[in-house]
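Below is one structure, written out as structure tokens; the observations come after it.
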Amino acid sequence: MSFFLYYILRRFFVRLEFTNNEIRLEKGIFIKRAAVLPVRAITETAVKRTLLLRLFRAKEAEIHTLGGKIKFYLHKNESLPFLPEFHTAQIKPRFGEILFGAFIDTRALGGIFVFVAILRKIGALFGGDYSNRIVAAITDAAENVTRALELLHIAVPKIAATLAVFALASWIIAFLRKTARMSRFEISRRGNILMVKSGLITLYEHTLVLNSNGFFAVSRDTITTIIAGRAPLYLHNTMILPCVKRKDLPRTLRTLCGMTLPKTKIPPPKRAFMGFCGAPLGWSAAFAAALVIIYSTKLRAAMLLKTALYSGFLVSLYAAAICLLYMKRSGIAAEESVCVSSRKGLRLYNSVFPRGNIRMETRSQSLFQLKSGLCNLKISTHGKRKFAARQLIKSETPRCIRS
């Protein structure tokens, strides 16, 4: 509906003006809404061309600032006058690097939501029979997995096998979708503007302002990236390189983002072990105790319950191992730029941002940290971004904000 009104009937419902200093956008049918956006406040511009938009020779433009965003439609050949022209790409990652970036960026939970949405769309467009056939195929695959495991004398409930097959299928769909989105990946830089182009079916163009107040870069680590010695690099929340070698990260940040990676990082001490691994170890102990209770009572036939407890026990131990691994790589370094490495979920985020972007820093201590002399440091920057370094020695924690 919005595409029909604001692009097909744009001359009646949209008024868009560009000047040297600002963008004026007015749109609406019965209620007119007007927005004025200063050009100097722009942090990112995202242009998207879906298959439908390409058929109509149109594109969707979304302009972001620290305070919000505006969205409108343009003709394919219409340009945004405040952006420079990029004639040739400076960096084109190899296909293997794109596959690596897509693999790291694909998440199982997100894949499940995507797969469910695809099933709903298939049912809405082609009828419920097609979506039912896909679900039946997943169920048949789960039964085959159950039979194969029975030959190896491994008993797995059918519902657990079905959920595992569904999760795997969801991840594969999400991975293929991510790979298509990252195909034909290109990076260009001109002055303080960085442009990233990608896409096979839907085409994407992200233009990022490097000297904006909310500017920050992130390298996300997993077990795979640590073993491989390379990881994707993001600017704001946009991937700018799918595969950067760890030894090349300082040079890449300096070349593409104009930032110097701090060298000396202050890590958490060994006595912070329970602060990082206490929660998953506690869960693993709870699951182990539940298993002991089940085996010591008459509930031995509760196969589904035992499978869930075993899964929880193994996942908790895995999470504890991940927390221990990330503990050695966590910490903070502060020079001209600040680097904060902290865990979120089962990933380690290494965030780098200019020191001048810091608005506030806060140190906090729990009752346990008071005895051990540890503290948590939270840094707030422009754009309401927050970065936290946990379990640091209070006397050694640097002062990051400039006076």
Side-chain angles (χ1 to χ4, degrees), residues 103-104 106-113 115-116 138-139 141-172 174-175 220-227 267-330 341-349 366-369 371-372 374 376 388 390-391:
F103 179 82
I104 298 301
T106 302
R107 302 190 182 190
L109 184 59
I112 291 174
F113 287 113
F115 194 32
V116 170
I138 293 174
T139 304
E143 290 180 354
N144 293 333
V145 170
T146 304
R147 294 194 193 101
L149 292 175
E150 286 176 353
L151 295 176
L152 299 174
H153 303 287
I154 300 175
V156 176
K158 183 179 177 180
I159 186 172
T162 303
L163 291 175
V165 172
F166 183 81
L168 178 60
S170 301
W171 185 90
I172 292 174
F175 172 70
R220 300 174 185 173
D221 272 326
T222 63
I223 291 292
T224 304
T225 64
I226 292 173
I227 294 174
K270 293 181 179 180
R271 62 176 181 270
F273 172 78
M274 290 304 297
F276 280 88
C277 305
L281 286 177
W283 280 108
S284 62
F287 284 121
L291 285 169
V292 170
I293 293 173
I294 287 178
Y295 277 102
S296 61
T297 59
K298 297 180 181 180
L299 297 176
R300 296 181 182 179
M303 179 60 68
L304 181 59
L305 179 59
K306 287 192 289 186
T307 301
L309 291 175
Y310 272 119
S311 300
F313 176 71
L314 294 176
V315 169
S316 298
L317 285 182
Y318 173 76
I322 293 292
C323 291
L324 178 60
L325 181 64
Y326 290 168
M327 172 184 166
K328 299 178 181 179
R329 291 168 169 79
S330 299
S341 300
S342 60
R343 178 185 63 85
K344 293 181 181 178
L346 294 181
R347 295 185 178 225
L348 184 69
Y349 288 73
S366 65
L367 292 176
F368 300 102
Q369 289 176 327
K371 295 181 179 180
S372 57
L374 302 178
N376 297 332
R390 301 173 55 241
Q391 306 296 332

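Position 1 is the first residue of the sequence; numbering continues from there.
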**Item:** Heavy-atom side-chain contact between F103 and T222 under 4.5 Å
**Value:** no

**Asked** Side chains of F276 and R390: does their closest heavy-atom pair fall under 4.5 Å?
**Response** yes

**Prompt:** Considering all heavy atoms of both residues, which atom of A320 and which atom of C277 are nearest to each other, and what is their separation?
**Reply:** O-SG, 3.7 Å

**Request:** Write down the atom of L374, the atom of P269, and the distance for their closest heavy-atom approach.
**Result:** CD2-CG, 3.5 Å

**Fill in**
To the nearest 0.5 Å, atom CD1 of I227 lies from atom CG of D221 at 11.5 Å

**Request:** Could you pull out all residues at least two apart from N376 that satisfy side-chain hydrogen bond (donor to acceptor under 3.5 Å, both in side chains)?
**Result:** Q369

**Asked** Got I322 and Y318 here, is their nearest side-chain heavy-atom distance under 4.5 Å?
**Response** yes

**Request:** State, yes or no, whether a side-chain contact exists between L348 and T225 at a heavy-atom distance under 4.5 Å.
**Result:** no

**Asked** For the residue pair M327 and P268, what are the closest heavy atoms and their distance?
**Response** O-CD, 3.6 Å

**Prompt:** Would you find a donor on one side and an acceptor on the other, under 3.5 Å apart, between the side chain of S284 and the backbone of S316?
**Reply:** no

**Asked** What are the two closest non-hydrogen atoms of T106 and A174, and how far apart are they?
**Response** CG2-CB, 3.7 Å

**Atom pair CD/OG of Q391 and S366 - distance to nearest 0.5 Å** = 7.0 Å

**Complete:** Closest non-hydrogen atoms of L346 and Y326, given as atom of the first, atom of the second and distance, are O-OH, 3.0 Å

**Item:** With R343 via salt bridge (Lys or Arg N to Asp or Glu O under 4.0 Å) - residues at least two apart
**Value:** none

**Fill in**
CG of L281 to CZ of F273, rounded to nearest 0.5 Å, is 5.0 Å

